[in-house]
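Just the heavy atoms: all of them, side chains too, but no hydrogens, waters or symmetry mates, feed the values below. Note that the structure is predicted; figures quoted are calculated from it, not measured.
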Amino acid sequence: MTTIKLTEISKLKDEINHALDENNFAELDNLSNSLEAVVKTLVEDKHTARNLSKSEINVLVKLLEDVSRYEELTKKRFKDYTYGVSRSRKMHEAYKQSPR
């Protein structure tokens, strides 16, 4: 079961990276919820702690690092995105109000 969950985590990480690249924040929300659910079931499995190999532990440590990186990237990208949207709206409003 652990290997299946780690494979699923790896797939979700790839999808999260793609959503971040595309600034697809709705999909990013769905994927992060899915990742949280998978990790939660992995952590709650009482057999997981005893059955983890060193490579599986390394995958989980890397996941922790990736989650921190995702958090920072998401904050930055969302801030940049909202700034761009706000600026576009202001420019559009100024254009609509300008005499023609």
Please evaluate residues Glu72 and Arg69 with respect to the criterion salt bridge (Lys or Arg N to Asp or Glu O under 4.0 Å), reporting the C-alpha separation (whole Å), side-chain torsions for both, the decisive distance (0.1 Å), and the verdict.
CA-CA 5 Å; Glu72 291 306 312; Arg69 185 175 58 82; over 6 Å; no
What's the separation between atom [atom1] in [X] and atom [atom2] in [Y], rounded to the nearest 0.5 Å?
{"X": "Asp66", "Y": "Leu12", "atom1": "CG", "atom2": "CG", "value": "12.5 Å"}
{"X": "Ile9", "Y": "Ser34", "atom1": "CD1", "atom2": "OG", "value": "11.5 Å"}
{"X": "Glu27", "Y": "Glu15", "atom1": "CD", "atom2": "CD", "value": "7.0 Å"}
{"X": "Ile16", "Y": "Asn30", "atom1": "CD1", "atom2": "CG", "value": "10.5 Å"}
{"X": "Thr41", "Y": "Lys5", "atom1": "OG1", "atom2": "NZ", "value": "3.5 Å"}
{"X": "Glu22", "Y": "His18", "atom1": "CD", "atom2": "NE2", "value": "4.5 Å"}

Please name all residues satisfying salt bridge (charged side-chain N to carboxylate O under 4.0 Å, His left out) with [X], sequence neighbours left out, ordered by chain then number.
{"X": "Glu8", "result": "none"}
{"X": "Glu71", "result": "Lys75"}
{"X": "Lys54", "result": "none"}
{"X": "Asp14", "result": "none"}

Quick one: side chain to side chain contact (heavy atoms under 4.5 Å, CB included) partners of [X], sequence neighbours excluded?
{"X": "Asp29", "result": "Ser32, Asn33"}
{"X": "Thr74", "result": "Leu20, Leu28"}
{"X": "Ser53", "result": "Ser55, Glu56"}
{"X": "Arg87", "result": "Tyr83, Met91"}

Given 3.5 Å as the limit, does a donor-acceptor pair link the side chain of Ser88 with the main chain of Gly84, or not?
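Here the side-chain-to-backbone pair exists.
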Once side chain to side chain donor-acceptor pair (under 3.5 Å) is applied, do any residues pair with Glu65, and if so which ones, sequence neighbours excluded?
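In terms of side chain to side chain donor-acceptor pair (under 3.5 Å), with neighbours along the sequence ignored, Glu65 is linked to no residue.
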Results of side chain to side chain donor-acceptor pair (under 3.5 Å) for Asp80 - residues two or more places apart only:
Lys76
Val38-Val61 co-clustered via ILVMFWY side chain contacts under 4.5 Å
yes
Summary of ring pair (Phe, Tyr, Trp, His ring centres under 6.0 Å) pairs that have at least one residue in residues 51-79, sequence neighbours excluded
Phe25-Phe78
Any non-hydrogen side-chain atom of Leu42 less than 4.5 Å from a side-chain atom of Leu6?
yes
